[in-house]
Number of protein chains: 2
Amino acid sequence: MKLNTDILILFGNKVKTLRKEKGISQEELAFRSDLHRTYIGMIERAEKNITLKNIEKIANALEISILDLFK
Amino acid sequence: MKLNTDILILFGNKVKTLRKEKGISQEELAFRSDLHRTYIGMIERAEKNITLKNIEKIANALEISILDLFK
DNA sequence: ATGTGACTCGTAGTCCGTA
DNA sequence: TTACGGACTACGAGTCACA
């Protein structure tokens, strides 16, 4: 798949970092955000071009604002 | 289409507001962001669940950071 | 200058696995 | 626990004619 645009890499790394800070697994984040386990992995690896609604879901699952995902 | 989720409405309104502040038309924004005229309209009306790459395009076209789109 | 319905096509997103 | 693959379905991307 390999999209790997800058913005996707940036976003994926941010999710990964924030997820680890919370000390939860991809599976747990997937569960909390109501997204699929493998999909979370793909986002962190910048292999998918995530949509706005799912960005919101992940922000909620991480208990942060969308703003924090782009800092 | 009519998606109209909160986050999409919020985002659409933000784009519209910022676009008008810059004093440009949907057509002009479409041109600058390399997206279609009607597509920009759909985003402002919250009828499409936009992806991250296109969010970036619009931010660039408005000469702002993605962060500003979520404030 | 913008809204809308209809359309094609590519990809977002799911689900099954294996290592 | 995560990466990655194949196969699949749903929906976003992108365009058009017309109001």
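Only this structure's heavy atoms are used, side chains among them; waters, hydrogens and symmetry mates stay out. Per chain, numbering begins at 1; letters A, B, ... match sequence-line order.
Neither OP1 nor OP2 of dT2(C) sits under 4.0 Å from any side-chain N or O of Lys20(B). Phosphate contact (OP1/OP2 of dA12(C), side-chain N/O of Asn49(B), threshold under 4.0 Å): absent. Listed pair Arg19(B) / dT2(C) meets the phosphate criterion, a side-chain N or O lying under 4.0 Å from OP1 or OP2. Between Tyr39(B) and dA13(D) there is a side-chain polar atom (N or O) within less than 4.0 angstrom of OP1 or OP2.
The distance between atom NZ of Lys16(B) and atom P of dT2(C), rounded to the nearest whole Å, is 8 Å. With rounding to whole Å, Lys53(A) atom NZ is found 12 Å from dA10(D) atom C1'. As a whole-Å value, the separation of Ile55(B) CD1 from dG12(D) P is 13 Å. Computed from coordinates, the Ile58(B) CD1 to dA13(D) P distance equals 10 Å when rounded to whole Å. Remark: P of dT4(C) and CD1 of Ile40(B) are 16 Å apart, rounded to the nearest angstrom. When rounded to the nearest whole Å, the span between CE of Met42(B) and P of dG3(C) equals 11 Å. The separation between Gln26(B) atom CD and dT4(C) atom P is 11 Å, rounded to whole Å. One interatomic measurement links the two molecules: CD of Glu27(A) to P of dC4(D), which rounds to 17 Å at whole-angstrom precision.
Atoms CG and CD1, from Asn54(A) and Ile7(B) in turn, are 11.5 Å apart once rounded to the nearest 0.5 Å. In this structure, Lys14(B) NZ and Asp68(B) CG are separated by 8.0 Å, a value rounded to the nearest 0.5 Å. In this structure, CD1 in Ile66(A) is found 11.5 Å from CG in Leu67(B), a value given to the nearest 0.5 Å.
Take the nearest nucleotide of DNA chain C for Asn54(A) and for Glu28(B): the residue whose nucleotide is more 5' is Glu28(B).
Closest non-hydrogen pair, Ser33(A) versus Lys57(A), comes out as O-CD, 3.2 Å.
Closest contact between the side chain of Lys48(B) and the listed nucleotides dA3(D), dC16(D), dG12(D) involves dG12(D). For Ser25(B), the side-chain atoms get nearest to dT2(C) when compared with the rest of dT2(C), dT1(D), dA12(C).
Note on ring orientation: taking the six-membered ring where Trp is involved, the planes of Phe11(B) and Phe70(B) are tilted (angle from 30° to 60°).
Annotation: side chain of Leu69(B) is in contact with side chain of Leu18(B) (closest heavy-atom distance under 4.5 Å).
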Grab the N/O contacts between the protein and nucleotides 17-19 of chain C below 3.5 Å, and write none if there aren't any.
{"from": "dG17(C)", "atom 1": "O6", "to": "Arg37(A)", "atom 2": "NH2", "distance (Å)": "3.3"}

Begin from the C-alpha positions of Glu28(B) and Lys22(B) and carry the test salt bridge (charged side-chain N to carboxylate O under 4.0 Å, His left out) through to its verdict. CA-CA 11 Å; Glu28(B) 177 62 22; Lys22(B) 289 221 74 170; over 6 Å; no
